[in-house]
Amino acid sequence: MKTIRVYDINLSPETQPMDTQIGADYRRVFTILYTLRARGADAKYLNLHRDSLLFMDSPAVQQIMRTEGMEGFPCMTADDEIILTGRYPTNEEILEQLDADMLQLLANPAGAFAGSACNGVCSSCHVAGCGPQTSPAAAQ
């Protein structure tokens with residue numbers, strides 16, 4: 001199974017209002033990565049503010065910084081290979097990088113949030129008081 005990483009340089013995307021593109025895309029990507037991780041995939045959302053050492057340790061991220069600069073973020077890698085840069089990936093682009101078996105892991109997304117206040121219905125389950133009782137940093 002591939003190692004999926006989404007690297008983001010926005011310092012606080014979780015504080016962006018849902019009606020902004022950054023806020024909506026961040027919550028969508030974070031939620032699918034969290035769900036996939038809860039189901040056994042090696043998928044993580046990494047933020048420069050919280051995970052700066054992981055940014056520096058990634059040859060792919062270093063290449064993006066050299067060639068595209070900050071315009072190359074957010075980006076997605078699979079097994080340290082650059083898949084896309086300059087935007088958040090779609091759910092389909094994330095799932096494309098995983099084995100077909102991973103699609104079955106999403107068959108019951110509410111199961112990944114069992115015991116949460118929203119039971120998997122909320123699209124922003126990392127917000128305090130909703131979804132799993134962890135912060136995005138703890139989910140990594």
Side-chain angles (χ1 to χ4, degrees):
M1 185 180 310
K2 290 184 181 179
T3 299
I4 305 296
R5 299 290 182 264
V6 173
Y7 295 90
D8 194 356
I9 61 170
N10 291 317
L11 293 182
S12 298
E14 62 274 2
T15 64
Q16 296 287 324
M18 276 294 287
D19 61 351
T20 66
Q21 193 62 46
I22 290 174
D25 284 343
Y26 161 77
R27 286 169 177 81
R28 176 186 52 78
V29 168
F30 183 87
T31 300
I32 192 169
L33 293 175
Y34 181 90
T35 302
L36 290 167
R37 188 169 175 80
R39 303 296 179 110
D42 189 356
K44 290 183 183 178
Y45 168 87
L46 301 169
N47 183 278
L48 180 59
H49 180 68
R50 289 186 306 268
D51 308 300
S52 57
L53 293 178
L54 295 173
F55 272 65
M56 298 305 113
D57 287 344
S58 169
V61 169
Q62 293 301 309
Q63 179 182 342
I64 292 168
M65 287 182 173
R66 280 191 306 276
T67 59
E68 298 183 46
M70 295 306 189
E71 290 78 34
F73 295 92
C75 67
M76 181 174 76
T77 65
D79 290 341
D80 278 328
E81 178 184 331
I82 300 167
I83 304 301
L84 63 86
T85 63
R87 64 179 176 81
Y88 288 101
T90 65
N91 292 354
E92 292 77 20
E93 288 169 330
I94 294 169
L95 293 173
E96 268 178 31
Q97 297 304 315
L98 299 171
D99 296 332
D101 294 342
M102 192 54 64
L103 294 174
Q104 292 181 5
L105 294 178
L106 294 176
N108 181 17
F113 301 105
S116 71
C118 65
N119 291 322
V121 176
C122 178
S123 65
S124 58
C125 288
H126 59 281
V127 175
C130 181
Q133 301 304 308
T134 62
S135 68
Q140 300 169 11

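From a predicted model like this one, the values you see are computed outputs, not experimental measurements.
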### Message
Would the distance check show the side chain of R37 and the main-chain N or O of L33 forming a donor-acceptor pair, the cut-off being under 3.5 Å?
### Response
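Side chain of R37 to backbone of L33: no pair is present.
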### Task
Examine distances only and state if a side-chain atom of R5 and a backbone atom of C75 form a donor-acceptor pair shorter than 3.5 Å.
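No.
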### Task
Please determine which of T90, L84, I82 meets the side chain to side chain contact (heavy atoms under 4.5 Å, CB included) test together with M76.
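That would be L84.
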Once you round to the nearest 0.5 Å, how far does [atom1] of [X] lie from [atom2] of [Y]?
X   : Y   : atom1 : atom2 : result
Q63 : T85 : CD    : OG1   : 10.0 Å
N10 : H49 : CG    : NE2   : 12.5 Å
L98 : D42 : CG    : CG    : 9.5 Å
L46 : S52 : CG    : OG    : 11.0 Å

### Query
Going through the checks in order, is the side-chain contact (heavy atoms from CB on, under 4.5 Å) test met by V61 and F73?
CA-CA 9 Å; V61 169; F73 295 92; 3.8 Å; yes
### Message
How close do Y7 and T77 get, counting heavy atoms only, and between which atoms?
### Response
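Residues Y7 and T77, closest heavy atoms: CE1-OG1, 3.6 Å.
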### Query
What closest approach, in Å, do I9 and F55 show between heavy atoms, and which atom pair accounts for it?
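That closest heavy-atom pairing would be CG2-CE2, 4.2 Å.
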#### Entry: E68 CD: over 12 foreign heavy atoms closer than 6.0 Å
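Counting neighbours around CD of E68, more than 12 heavy atoms of other residues, nucleotides or ligands fall under 6.0 Å, so yes.
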### Query
Do M70 and I64 share a hydrophobic cluster (ILVMFWY, side-chain heavy atoms under 4.5 Å, transitive)?
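Linked within one cluster.
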### Task
Could I get the full list of side chain to side chain contact (heavy atoms under 4.5 Å, CB included) partners for A78, not counting sequence neighbours?
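A78 satisfies side chain to side chain contact (heavy atoms under 4.5 Å, CB included) with K2, I4, I83, Q97 once adjacent residues are dropped.
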### Query
Any side-chain donor-acceptor pair under 3.5 Å between D51 and Y45?
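The criterion, which ignores hydrogens and geometry beyond distance, is not satisfied for Y45 and D51.
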### Y88 vs D8, side-chain contact (heavy atoms from CB on, under 4.5 Å): CA-CA, chis, key distance, verdict
CA-CA 9 Å; Y88 288 101; D8 194 356; 2.4 Å; yes
